[in-house]
Protein chains: 2
Amino acid sequence: MTVTIRDVARLAEVSIATVSRVLNRSKPVSPELEEKVMKVVDELGFNPNPVARTLIMKESLLIGVLIPDVSNTFISMFVRGIEEELFQNGYTALLCNTNSDTKIELHYLDLLRKKYVDGIVLLTSAPKPEQIQFFKKHKIPVIFSSHTDKDSRFSCINIDDYQASYDAARYLIGLGHRSIAFFCGPMEYYQTIRRFDGYKQALADHGVDYRAEWVFDKDYDIDSGYNSGMELFAREDRPTAICCVSDMVAIGAIRAAEDSGLGVPEDVSIMGFDDIPIAGASRPRITTVRQPVYELGTRSAQMLLRQIRGKEQYKREAIVLPHEIIERESCRALTT
Amino acid sequence: MTVTIRDVARLAEVSIATVSRVLNRSKPVSPELEEKVMKVVDELGFNPNPVARTLIMKESLLIGVLIPDVSNTFISMFVRGIEEELFQNGYTALLCNTNSDTKIELHYLDLLRKKYVDGIVLLTSAPKPEQIQFFKKHKIPVIFSSHTDKDSRFSCINIDDYQASYDAARYLIGLGHRSIAFFCGPMEYYQTIRRFDGYKQALADHGVDYRAEWVFDKDYDIDSGYNSGMELFAREDRPTAICCVSDMVAIGAIRAAEDSGLGVPEDVSIMGFDDIPIAGASRPRITTVRQPVYELGTRSAQMLLRQIRGKEQYKREAIVLPHEIIERESCRALTT
DNA sequence: CATGATTAGGTAAACCTTTTCCTGTTTCTC
DNA sequence: GAGAAACAGGAAAAGGTTTACCTAATCATG
């Protein structure tokens with residue numbers, strides 16, 4: 001049925017070793033034999049069985065991609081970046097949605113290892129001891145894409161969440177805002193914490209009061225933004241601006257503002273985060289902190305590939321990609 | 001380093017065949033030996049190497065997922081549905097972005113086959129002869145999720161694009177609109193054609209004029225909707241409503257309307273398609289045709305799994321999931 | 001009690017490669 | 001021209017499993 005190296009060897013009247021050598025250029029073969037082999041290879045349309053290859057070489061051309069949830073636009077753009085780069089290099093992505101559940105993450109990690117994936121890109125809510133443990137034990141190349149694990153031995157890539165959030169808050173302060181709420185994600189998330197810290201520091205550095213009752217830690221999606229917004233806008237004492245942890249949250253918050261009879265940015269300025277495509281097309285266009293998410297993906301893959309190819313002499317890399325404030329329409333200057 | 005079946009056999013003082021039998025229950029083994037084997041398995045934490053297993057059994061617990069582009073929200077939700085179902089059943093998804101490029105599709109198809117994937121979910125812009133050829137040649141279980149290939153032998157799942165588009169147009173007609181534009185995708189896409197046909201038929205059935213200059217075939221994204229909108233709204237002769245081929249196109253079109261000084265739905269009614277989360281949160285909330293996309297994903301996976309397990313006696317299935325018009329704010333009744 | 005059927009468990013082939021090790025020939029060097 | 005070195009190419013092992021095939025023992029049946 002399927003044509004094997006054996007068939008090629010037989011028809012080309014050489015040993016299977018020679019066929020393998022021709023195909024992999026692993027050892028010189030005389031021009032005559034090489035030609036003979038290649039002719040038969042072409043005729044039969046022979047392709048080495050990658051599974052057999054994996055078994056012996058312990059490399060699968062497979063990369064595990066662990067993410068909380070592809071259906072999140074930000075993440076799916078990230079994945080797209082990874083996949084693009086992998087495809088260019090002959091690798092394929094094994095997609096694993098974890099919901100940031102440690103149990104599932106570990107389950108997948110183990111599965112990936114057994115499938116001999118050549119490397120793993122890990123996007124997780126927080127660095128977890130079990131994961132660190134796993135990668136210390138099994139020397140599988142890995143890129144952490146969620147957090148800068150400063151004292152860790154593993155490579156990582158991300159933006160400076162702290163600074164980005166700091167910049168967002170400072171931007172609002174620069175616009176004259178002195179009462180700024182923060183719609184963030186769950187506090188167990190590393191990113192949430194970093195961004196929260198940046199926000200608080202920006203307030204502190206500029207003499208703006210921090211108010212705990214203006215911090216809402218729900219999730220990164222539209223509904224969370226909406227619910228936080230409805231809750232906040234129902235109060236007498238409202239801030240003039242809101243820093244959101246994602247564009248989706250911002251969209252929900254804007255929606256809530258409208259449903260509460262408030263205009264954006266006239267009555268409240270709302271700041272997003274991520275800069276997903278919708279941010280530039282929604283009404284109002286969302287002022288946001290842009291993350292180079294696609295590039296985050298491609299670069300992750302590049303780093304991982306470097307690590308896989310470099311093997312022993314590969315040195316840990318920690319890359320921080322620049323963020324950028326994109327001024328649009330959802331935030332206005334306060335003219336008091 | 002890694003513990004193999006050989007190690008287990010040696011420590012349990014049985015043959016490797018017996019170990020395999022205990023683990024796979026492929027042949028009865030006496031209780032004493034079974035216990036002995038299981039004890040060693042637990043002690044060593046032995047896990048059969050799935051690659052070796054794949055090589056011999058020609059099954060990998062891997063499913064290829066071919067899609068145009070994950071970063072499209074609709075698609076990423078679909079993928080999520082698939083992955084969820086696969087995970088429940090111990091399978092993992094191999095993600096392949098094709099950009100609907102036949103070359104890349106074929107490349108991936110061949111790659112997946114060589115990796116012994118147990119099945120493939122195929123989301124493509126149109127059924128292509130090369131694909132049909134491929135699946136006729138290699139008997140790999142497959143679910144076509146893009147089109148109802150009526151006379152084909154392959155299973156498929158989707159909504160009724162024709163009817164859905166028909167219903168959308170009719171809905172607008174029911175609202176009193178008599179001049180309805182159509183913002184669709186490339187005409188090589190099967191879905192585009194189906195929906196275009198539905199739109200035209202609805203017009204015809206209700207005595208509404210069809211105007212070729214009101215059909216814009218660009219793409220499924222925001223920019224396409226925006227560009228089509230800007231082009232259309234610049235004209236003197238404008239329709240009172242637009243049927244869009246996706247919510248993203250609708251968002252772009254709404255944006256264009258605003259940038260052209262037109263209100264939605266006061267001046268133009270704009271209808272979406274898909275009902276992605278953003279549709280219910282944007283301004284105005286988008287009236288749209290809901291596709292049960294997540295379910296499309298889970299059901300695809302279920303069908304595929306059935307096919308994989310059923311093997312020979314599996315019968316082709318063609319499932320059509322219901323669509324639904326979700327009335328929101330972007331379309332208004334015309335009171336003449 | 002003898003014969004045939006059933007059963008547990010072992011041996012080794014098979015899956016399809018890559019690569020080590022070996023052999024026989026050619027080339028180089030003094 | 002002899003010995004060493006270099007080289008091409010083949011045989012076979014290795015990678016880790018499953019399973020076909022075989023053997024020996026147990027069981028049932030007439």
Side-chain angles (χ1 to χ4, degrees), chain A residues 1-41 44-62 90 110-111 113-118 138 311, chain B residues 1-38 40-41 44-62 90 110-111 113-118 138:
Chain A
M1 189 64 226
T2 58
V3 30
T4 76
I5 196 173
R6 220 169 228 94
D7 303 323
V8 178
R10 191 156 20 79
L11 262 83
E13 298 171 308
V14 298
S15 73
I16 55 172
T18 302
V19 178
S20 176
R21 279 166 195 150
V22 169
L23 258 29
N24 300 313
R25 313 207 154 283
S26 48
K27 226 181 148 188
V29 170
S30 73
E32 308 91 75
L33 285 195
E34 170 156 355
E35 194 192 349
K36 236 162 92 180
V37 168
M38 285 314 291
K39 202 169 148 228
V40 177
V41 165
L44 299 185
F46 169 69
N47 278 117
N49 179 324
V51 177
R53 222 161 175 284
T54 297
L55 183 59
I56 195 166
M57 306 195 66
K58 272 124 178 47
E59 82 167 29
S60 59
L61 296 180
L62 251 33
D110 217 56
L111 187 78
R113 181 182 59 80
K114 287 194 287 179
K115 288 207 188 289
Y116 288 116
V117 294
D118 295 343
H138 313 285
K311 279 288 166 209
Chain B
M1 188 65 223
T2 58
V3 28
T4 76
I5 197 172
R6 226 172 221 95
D7 303 323
V8 178
R10 191 157 19 81
L11 263 82
E13 298 170 306
V14 297
S15 74
I16 56 172
T18 302
V19 178
S20 176
R21 280 165 194 151
V22 169
L23 258 29
N24 299 314
R25 313 206 156 286
S26 49
K27 228 180 147 188
V29 170
S30 72
E32 307 91 76
L33 284 195
E34 169 156 358
E35 195 192 348
K36 237 161 93 179
V37 168
M38 285 314 291
V40 177
V41 165
L44 298 185
F46 169 70
N47 278 115
N49 180 324
V51 177
R53 223 162 174 282
T54 296
L55 184 59
I56 196 165
M57 305 195 66
K58 273 124 178 45
E59 84 166 29
S60 59
L61 296 180
L62 250 32
D110 215 56
L111 188 77
R113 181 183 60 79
K114 287 194 287 179
K115 288 207 188 289
Y116 289 118
V117 294
D118 295 343
H138 314 286

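Straight-line distance from the CZ atom of Arg113(B) to the P atom of dC16(C): 12 Å, rounded to whole Å. In this entry the distance linking OH of Tyr116(B) with P of dC15(C) reads 10 Å, nearest Å. Atom CG in Leu33(B) sits roughly 11 Å away from atom C1' in dG10(C) (whole-Å rounding). Residue Lys27(B) contributes atom NZ, which lies 8 Å from atom C1' of dT7(C) at whole-angstrom precision. In this structure, the CG atom of Asn49(A) is 13 Å from the C1' atom of dA14(C), given to the nearest Å. Remark: P of dG10(C) and CZ of Arg10(B) are 15 Å apart, rounded to the nearest angstrom. In this structure, CZ of Arg21(A) is placed 13 Å from P of dC21(C), rounded to the nearest angstrom. Spacing between atom CG of Leu23(A) and atom P of dT18(C) amounts to 7 Å, rounded to whole angstrom units.
Residue contacts shown for Val29(A) are limited to sugar-phosphate atoms, with no base heavy atom under 4.0 Å away. Within 4.0 Å (heavy atoms only), Val51(A) reaches no atom of the nucleic acid at all. Residue Asn47(A) is classed as a sugar-phosphate contact, given heavy-atom separations below 4.0 Å to backbone atoms only. Using a 4.0 Å heavy-atom distance criterion, Ser30(B) is classed as a sugar-phosphate-only contact. Residue-level contact check: Pro28(A) touches the backbone only, with heavy atoms under 4.0 Å from sugar-phosphate atoms and none from bases.
Judged by distance alone, the side chain of Thr54(B) and the main-chain N or O of Glu59(B) form a donor-acceptor pair under 3.5 Å. When atom types are taken as modelled, the side chain of Lys115(B) and the backbone of Ser60(A) share a donor-acceptor pair closer than 3.5 angstrom. Not a single donor-acceptor pair under 3.5 Å links the side chain of Asn24(A) to the backbone N or O of Arg21(A). No donor-acceptor pair under 3.5 Å is formed between the side chain of Thr18(B) and the backbone N or O of Val14(B). With hydrogens and angles ignored, the 3.5 Å screen pairs no side-chain donor or acceptor of Lys27(B) with any backbone N or O of Ser20(B).
In 5' to 3' order, the nucleotides of DNA chain D bounding all contacts with chain A (an atom under 4.0 Å from a heavy atom) are dA8(D) to dG16(D).
Counting non-hydrogen atoms of neighbouring residues, nucleotides and ligands closer than 6.0 angstrom, the CD atom of Glu35(A) reaches no more than 12 such neighbours. Heavy atoms of other residues, nucleotides or ligands lying less than 6.0 angstrom from NZ of Lys39(A) number 12 at most.
Using a 4.5 Å cut-off on side-chain heavy atoms (C-beta onward), Glu34(B) and Arg25(B) make contact.
Proximity of Lys58(B) to the phosphate of dC16(C): a side-chain N or O atom is located under 4.0 Å from OP1 or OP2. At dC15(C), none of the side-chain N or O atoms of Thr4(A) fall inside 4.0 Å of OP1 or OP2 (strictly under the cut-off). For Thr2(A), a side-chain nitrogen or oxygen approaches OP1 or OP2 of dC16(C) to under 4.0 Å.
Five base pairs at each end of the helix from dC1(C)-dG30(D) to dC30(C)-dG1(D) define two local axes, and these are offset by 40° (rounded to 10°).
Each of Ala17(A) and Ile56(B) was assigned the nucleotide of DNA chain C with the nearest heavy atom; the assignment lying further toward the 5' end belongs to Ile56(B). Remark on DNA chain D: of its neighbouring residues Ser15(A) and Thr18(B), the 5'-side contact belongs to Ser15(A), judged by nearest-heavy-atom nucleotide.
Listed by chain and residue number, Asp110(A) satisfy the salt bridge (charged side-chain N to carboxylate O under 4.0 Å, His left out) test with Arg113(A) (two or more places apart in sequence, or in another chain).
The minimum heavy-atom distance between Ile5(A) and Ile16(A), with the atom names listed, is CD1-O, 3.7 Å.
Side-chain proximity of Arg6(A) to the nucleotides dC15(C), dT17(C), dT20(C) is greatest for dT17(C).
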